[in-house]
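First listed ligand is number 1; within each ligand, the first listed atom is number 1. All residue numbers refer to positions in the sequence shown, counting from 1.
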Amino acid sequence: VDEVRDGRFQARIDRDEKIEPNDWMPEKYRRTLIRQISQHAHSEIIGMLPEGNWITRAPSLKRKAALLAKVQDEGGHGLYLYSAAETLGISREEMNEQLNTGKARYSSIFNYPTLTWADIGMVGWLVDGAAIMNQIPLCRTSYGPYARAMVRICKEESFHQRQGYEIVMTLARGTADQKAMAQDALNRWWWPALMMFGPPDAESLHTDQNMAWRIKRFSNDELRQKFIDATVPQGHFLGLEFPDKDLAFDEATGHWRFGAIDWDEFKRVLAGEGPCNRQRLAQRNRSHEAGAWVREAALAHAKKRAARRLA
Ligand code: 3HC
């Protein structure tokens, strides 16, 4: 019976139909979506920490207002994605517990420190730029609630990327010290940004199955290459150099060839040994505890309103 149902399910996927919460789906499809969507949501929430670090120190009111809006957007992206994950049968409390106890993964990139204001430019230009490359195909992912969440998120992500690039442009066209600050930040953020796309296809656990189920539309290496091809000219336009001596444009393929990525560093960060893993988790737990009264008040208020409606 399962083969018949699996076959019918695959035929729906192959017809590019959207799978909705109440549709039958293979348990493994449900599990891998809970895995990916919850990790995506965790990434958005943890991503607020390195950026939030500079709200009080932004160099002008305009920069502070843009950064405030961006961090608020990231929180909202997290909530859309937690809601999409909940449609698959996992509760918000369970996802909170998985993140706060260090059980859950979130994007490696947020375990790096934002040391100078130029880092905030790099987070917008490179991290949100990479996120856009990865998230635009996800607008066509086969699971309906995830695809619809992505459409809203991608609209806001482009503002994030543009304000980041504008920060870097201002610095690159500023004083020698400002340009040096932008170059230093590029040197520190370039390789970790490439790791956001995941391990090489040959070592990816989920790519084959997730592409067959049209959860993933492009492989990790394809999206990484797309990001590099789009981003290198943007950096050169600003007179910045990329920290990769093997970076060279290949006329024959039309792609930028790039050097070897340090996958040992990637594995260390995923194992919790990155520069800021412990700090991020500690800060996340402090925020969760500090926000307990808001959750209690909201639940008490909702109970009272429900009781009034019943009265
Ligand atoms: N950081 C942490 N873990 C990573 C990772 C990364 N950069 N890349 C891969 N992994 C993990 C995977 O989760 C998987 O582990 P798991 O089985 O325990 O979940 C393992 O490494 C093997 O990788 P795979 O390639 O097999 O895993 P996927 O097929 O899931 O591909 C992915 C990884 C491309 C990140 C995919 O999960 C994805 O597209 N996720 C949705 C997008 C996303 O999460 N982006 C992260 C950044 S969000 C963001 O930047 C917000 C922006 O507003 C700033």
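- Applying the 4.0 Å criterion to heavy atoms of Y106 picks out, from ligand 1, the atoms 1 (N), 2 (C).
- Remark: the R63 side chain and the T170 side chain contain an N/O donor-acceptor pair separated by less than 3.5 Å.
- Summary of contacts: the protein heavy atom closest to atom 17 (O) of ligand 1 is H206 NE2, 2.6 Å.
- Each of the following atoms of ligand 1 lies closer than 4.0 Å to a heavy atom of K216: 25 (O), 28 (P), 29 (O), 31 (O).
- Among the atoms of L205, some N or O lies under 3.5 angstrom from an N or O of ligand 1.
- Aromatic ring centroids of W213 and H206 lie 6.0 Å or more apart.
- Near E157, meaning under 4.0 Å from any of its heavy atoms, are these atoms of ligand 1: 52 (C), 53 (O).
- Side-chain contact, T87 with Y143: a donor N or O sits under 3.5 Å from an acceptor N or O.
- Side-chain contact, D14 with Q10: a donor N or O sits under 3.5 Å from an acceptor N or O.
- Closest heavy-atom approach to atom 48 (S) of ligand 1 among the candidates E51, M48, H40, H77: H40.
- For the residue pair R57 / N53, a side-chain donor-acceptor distance below 3.5 Å is found, with atom types taken as modelled.
- Within 4.0 Å of atom 6 (C) of ligand 1, at least one protein heavy atom is present.
- Protein heavy atom at the shortest distance from atom 35 (C) of ligand 1 is M196 O, 4.1 Å.
- Side chains of H255 and D229: a donor-acceptor N/O pair is present below 3.5 angstrom, by distance only.
- Ranking the protein heavy atoms by distance from atom 45 (N) of ligand 1 puts N134 OD1, 4.1 Å first.
- Per-residue contacts place E44 under 4.0 angstrom from the following atoms of ligand 1 (heavy atoms of the residue considered): 51 (C), 52 (C), 53 (O).
- Residue contacts with ligand 1, taken as heavy atom pairs separated by less than 4.0 Å, do not involve L223 at all.
- Using a 4.0 Å cut-off between heavy atoms, A131 contacts ligand 1 through its side chain alone, with no backbone atom that close.
- Counting only heavy atoms of the protein, atom 53 (O) of ligand 1 lies nearest to E74 OE1, 2.8 Å.
- In terms of polar-atom proximity, defined here as any N/O pair under 3.5 Å, F110 makes no such contact with ligand 1.
- Counting only N and O atoms by type, the side chains of Q183 and E241 include no donor and acceptor under 3.5 Å apart.
- Residue-level proximity to ligand 1 for D128 is carried by the side chain, the only part with a heavy atom below 4.0 angstrom.
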Steps toward side-chain contact (heavy atoms from CB on, under 4.5 Å) verdict (E44, L81):
CA-CA 9 Å; E44 303 280 2; L81 289 163; 3.9 Å; yes
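- Heavy-atom proximity to Y146, at under 4.0 Å, picks out these atoms of ligand 1: 41 (C).
- Look at D221 and R224 and you find a salt bridge, because one of the NZ, NE, NH1 or NH2 atoms lies within 4.0 Å of a carboxylate O, short of that distance.
- E273 and N277 share no side-chain donor-acceptor pair at under 3.5 Å.
- Taken from CD in Q36 to OG1 in T141, the straight-line distance is 6.5 Å, to the nearest 0.5 Å.
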Decide side-chain contact (heavy atoms from CB on, under 4.5 Å) for I19 and W24; before the verdict, give the C-alpha distance in whole Å, the side-chain angles of both, and the deciding distance to 0.1 Å.
CA-CA 8 Å; I19 307 300; W24 183 85; over 6 Å; no
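- Atom 51 (C) of ligand 1 lies below 4.0 Å from at least one non-hydrogen atom of the protein.
- Residue Q39 has at least one heavy-atom neighbour below 4.0 Å for each of these atoms of ligand 1: 13 (O), 19 (O).
- At least one heavy atom of P199 sits less than 4.0 Å from an atom of ligand 1.
- Considering both main-chain and side-chain atoms, N220 comes within under 3.5 Å of ligand 1 through a nitrogen or oxygen pair.
- Proximity of Q36 to ligand 1, defined as any heavy-atom pair under 4.0 Å, is confined to the side chain (atoms from C-beta onward).
- In terms of protein heavy-atom proximity, atom 24 (P) of ligand 1 is nearest to S204 OG, 3.4 Å.
- Looking only at protein heavy atoms, the nearest one to atom 8 (N) of ligand 1 is G198 CA, 3.2 Å.
- With a 4.0 Å heavy-atom cut-off, ligand 1 is reached by no atom of V123.
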Step by step, would you call D23 with K18 a salt bridge (charged side-chain N to carboxylate O under 4.0 Å, His left out)?
CA-CA 10 Å; D23 295 348; K18 283 281 173 278; over 6 Å; no
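- Salt-bridge check for D16 with R217: passed, with a basic side-chain N closer than 4.0 Å to an acidic carboxylate O.
- A donor-acceptor contact closer than 3.5 angstrom links the side chains of T116 and D119.
- Of the heavy atoms in L270, only side-chain atoms (C-beta onward) come closer than 4.0 Å to ligand 1.
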Between R188 and D184, does the salt bridge (charged side-chain N to carboxylate O under 4.0 Å, His left out) criterion hold? Intermediate values first, please.
CA-CA 7 Å; R188 288 183 286 104; D184 160 63; 3.0 Å; yes
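- Near F197, with a cut-off below 4.0 Å to any heavy atom, the atoms of ligand 1 are 34 (C).
- Atoms of ligand 1 found under 4.0 Å from any heavy atom of S108 (numbered from 1 in listed order, with element): 1 (N), 2 (C), 6 (C), 7 (N).
- A donor-acceptor pair shorter than 3.5 Å cannot be found between the side chains of Q39 and H42.
- Looking only at heavy atoms of the protein, atom 16 (P) of ligand 1 is closest to R105 NE, 3.5 Å.
- Closest to atom 12 (C) of ligand 1, if we only count protein heavy atoms, is R35 NH1, 4.1 Å.
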